[in-house]
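Just so it is clear: chains get the letters A, B, ... in the order the sequence lines come, proteins before strands, and each one is counted from 1. Below, each value reflects all heavy atoms present in this structure, side chains not excepted, and no hydrogens, waters or symmetry copies. A quick note: this is a predicted structure, and the numbers were derived from the prediction, not measured.
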Number of protein chains: 2
Amino acid sequence: MEEQNKKILLVEDDPNFGTVLKDYLMMNDYDVVHAKNGMEGFEKFKKDDYDLCILDVMMPYKDGFTLAKEIREKNTDVPIIFLTAKAMKEDVLKGYKVGADDYLNKPFDSEVLLMKIKAIMQRKATDSVVDSKQFEFKIGRFDLNSKLRFLKFDGGKPIKLSPKENELLRLLALHENDLMPRELALTKIWRDDNYFTSRSMDVYIAKLRKYLKPDAKVEILNIHGEGFRLVINGGES
Amino acid sequence: MEEQNKKILLVEDDPNFGTVLKDYLMMNDYDVVHAKNGMEGFEKFKKDDYDLCILDVMMPYKDGFTLAKEIREKNTDVPIIFLTAKAMKEDVLKGYKVGADDYLNKPFDSEVLLMKIKAIMQRKATDSVVDSKQFEFKIGRFDLNSKLRFLKFDGGKPIKLSPKENELLRLLALHENDLMPRELALTKIWRDDNYFTSRSMDVYIAKLRKYLKPDAKVEILNIHGEGFRLVINGGES
DNA sequence: CCTTTTGTTAATGTAAGGTTAAACATAATT
DNA sequence: AATTATGTTTAACCTTACATTAACAAAAGG
């Protein structure tokens, strides 16, 4: 069974450095798509599925952070590595807030980059249900389409969901009838687990409950101190 | 929901730096155990469960890499961050080979470290769910689901259990028909064995008895001075 | 008996969750 | 550029859930 090479999106405006890096990665059995700026990077990202993004921070038209944010809106899971010439602390922090997996200062050693890539890919490999690519769910009399972000009741007109509403409901659906730990949603969706994100999540739970009200059999239950449970009553025989 | 603080094992031989770092981490709501060298670090590691290890590379008696290898033998999952004074490439590679999650050069910015810790914990949050212990029990005509914390009688509507109720009943169920020593519950659940926790436990025993009343065959018996016994009468012919 | 241990109920204090609205931020439209 | 719409966070306030403690009653066991 010939297993597929991992796909990397490399966004780097310096043509020399970019090409060298691309070749080096390809020599190491990665499929690399090279975009020359943030704009192009985002276009390419939308067109395909990638296992990893390597983004230069300083680029014309669209810098790495802005690009990362756009990428995150479409995909909460792809690992992102930032490349940067200068080691400014603010940048590093900004990067982690956007959900960076790692941060490298140029010039860096290519072997080190390879190691980091390997380590990140390995971590991804062990991730469970949560990163599943399932985007459609039946929730009682509702249909959730998580890719298009809408919820339909009895096949009626779709209700549009905001990104946060959508991801939260999707996480709940992935754990249907089971515990969806608070911490999981906070780290996966809000990327931080503190008092405020926690309160924010409660607000979203309230919104979802309102959406789901039309089907009395569908409930979001709280398990005090643990998390929430999406239950469909009379669901299984 | 500020649940249990994350536990960090910090192994750092420089007493000043180590203490400062420990205090800083504790201020940020981590429980930190500080070991002064590799030997001590491994002892402490064996004695407890940690969510993260931060290891200095250069230490007397046992360096960070050797320690990391030993730790990996016992636990393939704990994230490890290395601290090192000099930025030698070989070291970095060696670290990644041992399964490092990250690598920081001293001096580093403490905020950056915090961000890295958060990022790593987030990644780990995903696969923590996998724990495969026993969480479901049949107790006479009751069903206990210890993960979702509820108790069902004859498949009726579930009664919600509080965390303490739940854990206590689970412990009893694990020792069904056998002695469940007082001391065991107190150390496992209350993490302290004194007059007050003991009284508290009695209160919970009373609550459980009330829950279990519907099935006359199920009883929690006291063994004076020893502990309790969950018995199912006529259970095994 | 009479001291120690256990049983039970109620009162208290704290933490977590629910709900709503206002504030803030950002994108979309004019 | 100004205005509207949309999405998210923060704040405030209220309710519920939990755990501990106190108080008193009842058994157990020397």
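Within the structure, side-chain hydrogen bond (donor to acceptor under 3.5 Å, both in side chains) pairs that include any residue of residues 35-45 of chain A comprise A/E40-A/K44 (at least two apart or interchain). The stretch residues 193-208 of chain B participates, sequence neighbours left out, in these salt bridge (charged side-chain N to carboxylate O under 4.0 Å, His left out) pairs: B/R182-B/D202, B/R199-B/D202. For residues 186-210 of chain B, the set of pairs meeting the ring-ring contact (aromatic ring centres under 6.0 Å, His included) definition, not counting sequence neighbours, comprises B/W190-B/Y204.
Rounded to whole Å, atom C1' of C/dA15 lies 12 Å from atom CZ of A/R182. Computed from coordinates, the A/M201 CE to C/dG17 C1' distance equals 11 Å when rounded to whole Å. Rounded to whole Å, atom P of C/dA16 lies 12 Å from atom CG of A/N222. As rounded to whole Å, 13 Å separates atom P of C/dA27 from atom NZ of A/K164. In this structure, A/L168 atom CG and C/dG18 atom P are separated by 12 Å, rounded to whole Å. If you measure from atom CG of A/L212 to atom P of C/dG18, you get 14 Å, rounded to the nearest angstrom.
A/Y50 is linked by a ring pair (Phe, Tyr, Trp, His ring centres under 6.0 Å) to nothing, counting only residues two or more places apart in sequence or in another chain.
Figure legend: cation-pi geometry between B/R170 and B/F135, with NZ or CZ positioned under 6.0 Å from the six-membered ring centre and within 45° of its axis.
Looking at A/D178 and A/R229, no side-chain N of the basic residue comes within less than 4.0 Å of a carboxylate O on the acidic one, giving no salt bridge. With salt bridges taken as basic N to acidic carboxylate O contacts below 4.0 Å, one links B/R141 and B/D154.
Across all strands, A/S200 comes closer than 4.0 Å to base atoms (heavy-atom distances). Residue B/Y195 is out of contact with every strand shown, counting any heavy-atom pair closer than 4.0 Å.
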Problem set entry | Per-nucleotide protein contact string for nucleotides 8-14 of chain C (B base, S sugar-phosphate only, - none; heavy atom under 4.0 Å) | BB-----
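In A/K138, the NZ atom is crowded: over 12 heavy atoms of neighbouring residues, nucleotides or ligands sit closer than 6.0 Å.
For DNA chain D, the span of nucleotides reached by chain A at under 4.0 Å from its heavy atoms goes, 5' to 3', from D/dG7 to D/dC18.
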